[in-house]
Each structure stands twice: as C-alpha cells, then as structure tokens.
Amino acid sequence: MLDTMTKVIDDLSEKDVAFADIRQESHASTQILVVNGDLRRFSRATKAGTVARVLIGECWGMASTSEALTAEVCKNLLSSSAKSAKANAKFSRKNLDFSEIKPIEKSVWQESKVDPAEVSTEEKLEFVMALDKGQKIDDRIVNTNSVYNDAKRIFRLVNTAGSRLEWDELRTLAIVQPIARQGERMHFDYNVKGGRAGYELIQQIDPDAFSAECSKGALDLLTAEKPPSGKMTVVADGGISGLIAHEVCGHASEADEVVKGRSFLTGQVGNQLGTEHVTMVDDGTLKEASGSYPFDSEGTPASRTMIIENGVFKGYLHTLETAGLMGVNPTGNGRAQDYNRRIFARMTSTFFDKGDWNDEELIADTKDGLYVIKAMSGMEDVVGGGVQCSALKGYIIKDGEATQLVRSMSLAGKVLEILKTVDAVGNKLEFWGGSCGKGEEDFLPVSSGGPLMRAEMVVGGG
Amino acid sequence: MNLADIADKTVSLAEKSGATQAEVYAVHVKIASVYIDDDIPKIGSSMIESGIGLKYIIGKRIGFTSSTLAQERPADVVERAKSLANSSSEDSKFVSLPDPKKVSGSPDKFHDKETASADSELLMEKAMEVVKAAASSNVSVPNGSLRTSSIRYHINNSLGVNTGSKGTLIFGFFTAKSQDTGGVGEGVQRCWSREIGTIDFGKLGEKLQSQALSVLKAKAFKEKWDDAVAILTPSEGAEMIYDLVASAVSGENVNKRSSPWADKMGEKVASDVLTIHDNGLSEKGLLSSVVDDEGVPTQNTTILEKGVLQSYLFDSYNANQLELPSTGNGIRRAPRELAGRFSMTPSCAGTTMEIKPGSKSVEDLIGEIKRGVYIEHFAYPLVDPMTGAFSNEVRNARIIENGELGDPIKYALWIGNLFDSIKGDMQIANNLEVHDKKIVPSIAFPNTELVGQ
C-alpha cells in the first residue's frame, strides 16, 4: 500500500503544487455498553479511507474516499485536490514554502503489554458486567451505565518532501455513569479511565471500587446544595485545572489562530502572563496518555512544547504551515479527526505543570473558598480570553476544611486575570482520556488533567 | 455501490449463516466543503464515503459490526457479526427488529438536487459572499466553514423492511473579529438548511459584521441580578431547550429510569405557551425523511401540548419494551456529521424539534420586560438535562430595562434551572429559525439570575 502511495506522489506533475501528501487510515474499535445489567451494545466497527492534500499558493485542496486504495484512486484524489486548491488559489496572497521539510522514513508500532485483540470477549464482557454491578450499592441508584472501548488506528503517509511513514495508535477506555434518584431529585456522577495503552490499562481497574466510589458520589449529590455565586477563591482539582489549560490557554496557543491574529495570545511570547507558579505544557509524548501519538496527521513527530514557563509565555503549537509562517520548527500538532476532516493545529495533552504544594496542605491553607471537582465541559474563547468551564460538584472551604457539598457550577473570568492570581499549585499530576473539538466539531482524542490549582474566579451554579 | 442490493445480499448471508434476525443499514454520503481562513478560502474539499452497519441476532443475543467494505467483503462482515452475537450475552429487553410498515411519500421528498450537486468551488463563491459582506476596515472573518451534504440510505431486515430515503443539508459557521483601540469583539453566525438556495449569504455576512461590532461596544457586566428574564435568540435557546426536552422524552431514558419525566405522562410540566412537536416530516427539518434509520415511517409526534406531556419518543427497541409502536425515532444520522454514521446503532433520538411560535415579535417581548437581558451568544449554551441546572457564560448580550434594549454587555454568568423556568411565565416569539435539529423562535425565560464578574 505504501509503495502504491509513494509511486503516485512521486509521479505528481501538477504545475504550481508546492506540497502534497496522501494519508491512508484504517480504524477498528470494539464497544461494549451495559445498561442496568443488560448488554445493550456489543459492537466492532471498522472503516478505512484515504485522503490527499495539495497546496497551491497558500490554499489547499483536499479529497477523500472510502474506496479501496489503488493507484487510480490516489491519482483521482490528488487530481480533485489540485482542482480545489487551484480554485481557492485565486484568492492567495502569498506562496507558502515547504521546501525545508525534512523527509522521514519510519514504521512505528505501539507496544502494549496486553493486546486487546488477544483478550477474550468473555473477559471483556465480564469486566463491563462487573463495572455495572459495582454501581448498584443502594436502591436509590436507579440507572447504571458502563462502557468499555478499545480503538486501533493504523496510518500510512507519504508526501512530496519524501516522507514515508506508517504507524498505529491503540487506545482503551472504561467509563461508568450511575444515576441516583430520591423523590424528584436526580443526579449522576461519572468515573473514567483511558489512555493510549493496551488492555493492561483496563486490568489496573478494580471494578467494584471504581464503580462504588462513583455511585457514592451520585448519592451524595442528592443532598448537595446550590453553590454560592460571585468572585471567590477557587481550588480547582486536576480535571478542572486541565480544562482551563486546555480550553483557554491551549486553544489560543494553537498557531493557526495566531498567524491570523485571532488569538488573544498573539504576540505574547516573552511576556509575563501569570504568577511564577504557572507553567503550562502541551506534551504529545506522555507515556500512555490518550493525547499521545508518534506522528501527527502531517507526519511530524509529536513533541513536548513549553507554552508558559514560570508565568512567561513561551510558544505556540504548530502545523507544518504555521511553523513555516513563523519561522520555527513544527511541533507535531497538525491533527485531523479522520480522513474526512481537515488538518489544523490541535492540542495533545495540555496541562499546568505540577507545583510544590501537597494537596491536603493546599486546602488547609485556604481560609474561605470553593474546592471544585469533576470537570464536565468547557468552551474556548480564543478572541477574548474568557473562561467557561463547568464542573459537576464542589465543596465549600471554611477555615481550611472542605465542608458542604455543592452541585453543578460554572467557572468564569478572564484568563489573563486568573493566571495572575494563581498562588498555589499541587505536586501531583493525574490524567484522563478525553475528546476535544475545535469550532464546535473535529473531535479527536486528547488527555485532560493536571495538578490542584488555586486562583480567583467567578462561580455560578443553578 | 447499489445500496439496496448490498443490504439485501448481506441480510441474506446473515440469515444463511444462522441469524434469527438481521438488519443492514447501508449508506452513501457525499460532502463538499470550503473553509475560510483569514478572509480567504483556505481549503476546498470533497469527500465520498459508503458503508454498512449489520445487526446480527441469535435469539436475544445481538452483535453489531460495520465496515466501509474497502478492505473486506460482506461475507467477512457477516462472520464478524456472527462471532460477536455468539459471544454476547442475552439482552433480556430485546423483542424484535421492526416489522415493515407502509411508507408514504417518495424517498426523494427531502432531497434537493442543487444542494446535492454543489461542489467546493460553488461553496467558495457563497462563503466569499459572507466574507465580503462582513469584512470592513475593523472587521475580519478569521474562521468559517460551509458544507453541503447529500445522503442516501437503505435499510433491509429479516422481517421484510426494505426501504430507504435521501436527504440534503447545508451548514455554515462563521466568526468575525472586530477590533479598535478599545479592544476586540467576536461575532458568530451559523446557517442551516436543506436547500442551498434558501440562504441569503450576503445577509448572513451583514449580521456577522453587525454582531462583531456590537460586541466591541460591550462592557463587562458587574452587577448581580437575582430575578431576571432572559430572552435567548433561536440559536442559543434551541440548544438548551432541546437538550432538556429531548433527554426527558427519550424512550430510552424513560425505560432506564434516567428521565425526570419518566412518570409524568399527561401531567403539566411547562407553561401553557409551550407546545413542542418532534416532526420527522418537517418541511425544513435537516433530518426529515420518509423513514427513520430502522426503516420505520417517520411521523409528527406531539411531545408537549400547552405544557402538558403528551408523548415520549421511541425507537423500536424501546417501544417494544412497553408494547407501544415506534414513533419513527430510531436515529443514526446527525446534521453536523453525516459521515461515519453506518458505524452507529440506532438510538432513540429526536428528528426535528418544532416549537410552536407565539404571536408576538421579539420587540414585543422586549417591550414587556422591566429588567432582563437579551442574549445573542453564549460561550456555549449548556444545561444539565437531569437536573435542569445551567450556568452559562454570556459572550454577547444587551441589557433590557423598562421595555427597551440598553447597553451591550459581555462576561456575565446566566444562572438558573430550566425545568423551573419553563414552568414559569415564559414567553415565545414568532421568529422561527432552523438550528441543527431544531426549529425554534426566540424565547423569554423567567426566574433566572445574571451574575457579573
């Protein structure tokens, strides 16, 4: 297959083409869903497709198909891409120079201790059933939901710079979501463990403890109070601090938003944006992290990028194009959801790096505030630098102790103001598998997480 | 690929290999897109994808698998599904795949030829109409995407279902950035339709520019209002009310006891002014089709009538558990993303949620409000569908005082409980718009809080 792709890209003779590539992907995933003790879904999904890109001036053409890969199919994709690129290039204001791209020839196959394909379906089913059973710790748990997923993607890529690559990515994931009900009140909680790893990651889970702890969380929420609202001291858990890093600083550090001046972080390299406690990185090489991979969708090796170091802004996340425009090396952040979607600058595992506070001491040191836990979702504000991060629950901190449980809240503020109030960061890092969209779509695997972090933020909850 | 042939052949293969029932969903999708970047068309793209999803049933044991068939034959897919079913445990709640029903209307009814034939060059022209209308000396269009999709699908099952439908849709998403010495602002506009010819791209660009410039004047809200009425534009209100209602009336959630409305059939759960339909045959609905994704004829189902809960929504799996007919809500497709849907099993979901419009204009609603806020754009409109709680960051809004629109504001949290709010004195305007799976007007939600930063 790689030979066929190489031959076609080598034979490309379209005029004015500055760069082109062909990427083939094969996806296979297993999903098991158990609801209230019944096996609701047991599926094995496969799909395969090929995409070609052509660059003319500063405009791209792209074409993809799910047809079986042949030389003819690759040629047609390149031809269709060139046609689209030419049409767009009427508006091109400059020519992008990709001549500095270094060719790489490599095959990288992920080594897992336990290949999910070698694990019997009976063992996987037994695991998910145990997850489901483990949630039933109380009659008030009215609904149990348990998911197991493994997904393997194989990539092959060639480009006009001479790269010839093949690699795979294998991720596994387990999720539980119990729902507690008492009278008219209903609340859920969730627990998730996932990463770029084989079935050994699943084997590390104790289903009873994993599920029971989560059900207890849902039951506790039945008596949780409405959170206070207004500006206050917030101690964010690793999930929430990771969400803030990802949604606000992370998306605004994606260099495609910077080269066109949309990001509020444009031109900030070298500026002090936060206190000395704030260090933030994007790391596509973290072992077993869901957001890690050997190469991005353009064939650039993943890397660790320092975004903020001790409060000083350091750099952006690059594709081949943005790196060329800004005269720096690509960072391996050019990612596409799949062969049907465009490549643009995306994060991997983005987080505030650990500080030197013990978690318990950090809370004990907080006189009044809110300890916010369990991230739900967030939304970027690349232009304005605003924050919206929602959380499932939290505890009111009084005189250094976590007291009353409160439910469902959002954190808001301007990130450049929030980062200047960070005065304590925990010394433990923890990551979860997650999914990230950009501009409301183009979802791909990332890791979320980080350390405990204390800052001033606006809180509101319904 | 002839979808009907491949669906028929695969079901036959499954039956011959021992399936007691089998169902194939075969689909072909064609998508053209253009992406705007920094005021120019940056990427033009075309995509074609075909695939099948096979449900293989042995008694009450079910295996599901899917494939693009690029690297394997239908026989390989059948073998894999059989293996999954064999190693599966019984689903005690499964009764049967749906029986064939008479389908009214042509499968082409919701297919627009002009939209289906649009290529990235045509989309480039349309997207640049938006850019030209929006861009000015202090407004640029840094991001945009415009996408047309056409889909045809066919369902074949062992009980004789042998049907399908076709559809088209267009979706656009544009952002504008405004800038002056005082700061920056952002406008966001989306457009949705089944027919490309119905969208006025120049007008969309003008609206985008006006919104971006309005945000430029906005000041951060500093107060705290405990009892505010909020009027949400259709794009924002649609997301929130759909998330709440679609989850509460989902037959799946009712059966698994995770719906807050599980025991409330016939009860009043909302204000008199709220009447909601799920209309699989909606004239403007993006998922409108003559059959759902299980081959069951679609219908117009009244969910709420004057605030009273009238019906839940069912796919065949959940309807069978209650010995009720499916309401044609076995759905795999999504307006946002039609690619890859063959790998999904049908789930109990809405088709097009239509909210009955009121008689008053948005201006009339504003005129009746003593103190409130008119919200055009949130960071993202979210609500917890289980509890109704929400707290959303306002990115672009205007204060309402004594019946008049006041200063633009930003950076406030709008807080409340949507289940409580829709029981209160809510008001519904007459300006229906299509947004994703919803056709909704502007809505005034009472009993909410606005908290400044």
Side-chain angles (χ1 to χ4, degrees), chain A residues 26 35-36 38-49 59-68 80 84-85 87-88 91 93 121-122 125 142-143 179 181 186-188 229-231 260 262 340 342 377 379 381 383-384 386 388 390 407-410 412-413 439-441 458 460-462, chain B residues 35 37-38 40-51 62-68 70-71 80 84 87-89 91-93 120-121 124 142-143 173 177 184 186 224 256-258 260 336-337 339-340 343 345 379-380 382 384 386-387 389-393 411 413 415-417 451 453:
Chain A
S26 300
V35 177
N36 292 344
D38 279 317
L39 178 59
R40 181 74 176 86
R41 189 179 309 142
F42 186 15
S43 71
R44 178 84 176 153
T46 68
K47 67 175 187 177
C59 299
W60 294 87
M62 181 183 126
S64 70
T65 181
S66 60
E67 280 184 71
S80 177
S84 298
N88 286 346
F91 295 89
R93 296 159 296 200
T121 49
E122 288 77 10
L125 274 172
V142 294
N143 173 219
I179 295 170
R181 180 171 196 159
M186 292 178 71
H187 286 281
F188 73 94
S229 58
K231 194 170 182 179
K260 58 192 171 194
R262 180 171 181 254
N340 289 324
R342 66 173 153 165
S377 67
M379 193 65 191
D381 178 14
V383 172
Q388 176 177 302
S390 58
R407 63 180 190 252
S408 185
M409 68 210 76
S410 286
E440 303 181 357
E441 47 191 26
V458 175
Chain B
Y35 295 97
D37 197 292
D38 202 12
I40 67 162
K42 182 73 178 173
I43 306 173
S45 84
S46 59
M47 184 281 269
I48 290 174
E49 188 180 71
S50 302
I62 305 169
F64 177 81
T65 194
S66 62
S67 175
T68 42
Q71 296 171 326
R80 187 165 63 242
L84 289 166
S87 48
S88 180
S89 59
D91 180 348
S92 62
K93 296 190 174 66
S120 67
E121 288 179 51
M124 177 191 76
N143 289 339
F173 175 85
K177 182 184 173 185
V184 294
E186 183 174 43
K224 187 175 173 186
K256 68 182 191 183
R257 310 297 298 162
S258 67
R336 274 270 188 188
E337 176 75 284
S343 63
T345 53
Y380 199 81
L382 293 169
D384 179 343
M386 221 161 276
T387 65
F390 63 82
S391 47
N392 290 322
E393 196 207 16
Y411 300 132
L413 277 176
I415 299 167
N417 186 293
V451 177
Q453 298 184 13

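Numbers restart at 1 for each chain; the letters A, B, ... are given by sequence-line order, proteins then strands.
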Option that, when pairs with chain B are counted at under 4.5 Å, heavy atom only, ranks first among A:Glu67, A:Lys260, A:Met379: A:Lys260

Separation of B:Ser87 OG from A:Glu122 CD (nearest 0.5 Å): 6.0 Å

Please classify the contact of A:Lys231 with chain B as side chain, backbone, both or neither, using a heavy-atom distance under 4.5 Å. neither

Could you have a look at A:Thr121, A:Val35, A:Asn340 and say which one has the most heavy-atom pairs with chain B under 4.5 angstrom? A:Asn340

Under 4.5 Å from a heavy atom of chain A, the part of B:Lys177 involved: side chain

Which residues satisfy the side-chain hydrogen bond (donor to acceptor under 3.5 Å, both in side chains) test with B:Gln71, sequence neighbours excluded? A:Ser26

Heavy-atom side-chain contact between A:Phe188 and A:Asn143 under 4.5 Å: no

Just how far is it from atom OG of B:Ser258 to atom NZ of B:Lys256, taken to the nearest 0.5 Å? 4.5 Å

Using non-hydrogen atoms and a 4.5 Å limit, figure out which bit of A:Arg93 sits close to chain B: side chain, backbone, both or neither. side chain

Which of A:Ala48, A:Cys59, A:Gly439 touches chain B most, by non-hydrogen pairs under 4.5 Å: A:Ala48

When the 4.5 angstrom heavy-atom criterion is applied to B:Met124 and chain A, the contacting part is side chain

For the OG atom of B:Ser45 and the OH atom of B:Tyr35, what is their distance to the nearest 0.5 Å? 5.5 Å

Among B:Asp37, B:Asp91, B:Leu413, B:Ile40, which has the most heavy-atom pairs under 4.5 Å with chain A? B:Ile40

With the side chain counted from C-beta on, respond yes when B:Asp384 and A:Arg407 share a heavy-atom pair under 4.5 Å apart, and no when they do not. no

For A:Arg44, is it the side chain, the backbone, both, or neither that has a heavy atom closer than 4.5 Å to a heavy atom of chain B? both

Within this structure, what is the CZ-CD distance for the pair B:Phe173 and A:Glu440, rounded to the nearest 0.5 Å? 4.5 Å

For B:Glu337, which residues count as a salt bridge (Lys or Arg N to Asp or Glu O under 4.0 Å) partner, sequence neighbours excluded? A:Arg341

For A:Ser390, which of A:Ser410, A:Ser408, A:Ser377 qualifies under side-chain hydrogen bond (donor to acceptor under 3.5 Å, both in side chains)? A:Ser377

Find the one option among A:Leu125, A:Val142, A:Ile179, A:Asp381 whose heavy-atom pairs under 4.5 Å with chain B are most numerous. A:Asp381

Toward chain B, the part of A:Ser80 with a non-hydrogen atom under 4.5 Å: side chain

Counting only non-hydrogen atoms closer than 4.5 Å, does A:Arg262 touch chain B with its backbone (N, CA, C, O), its side chain (CB onward), both, or neither? both

Relative to chain A, which of B:Glu186, B:Arg257, B:Lys224 shows the most heavy atom pairs under 4.5 Å? B:Glu186

Can you name the closest pair of heavy atoms from A:Ser229 and B:Ile415 and give their distance? CB-CD1, 4.2 Å

Please flag which part of B:Ser89 lies under 4.5 Å from any non-hydrogen atom of chain A: side chain, backbone, both or neither. both

Heavy-atom closest pair, residues B:Pro260 and B:Met386: CG-O, 3.4 Å

Heavy-atom distances under 4.5 Å only: say whether A:Ala87 touches chain B with side chain, backbone, both or neither. both

Highest number of heavy-atom pairs under 4.5 Å with chain A among B:Glu121, B:Lys93, B:Arg336, B:Arg80 belongs to B:Arg336

Honestly, the part of A:Asp38 sitting under 4.5 Å from a heavy atom of chain B is side chain

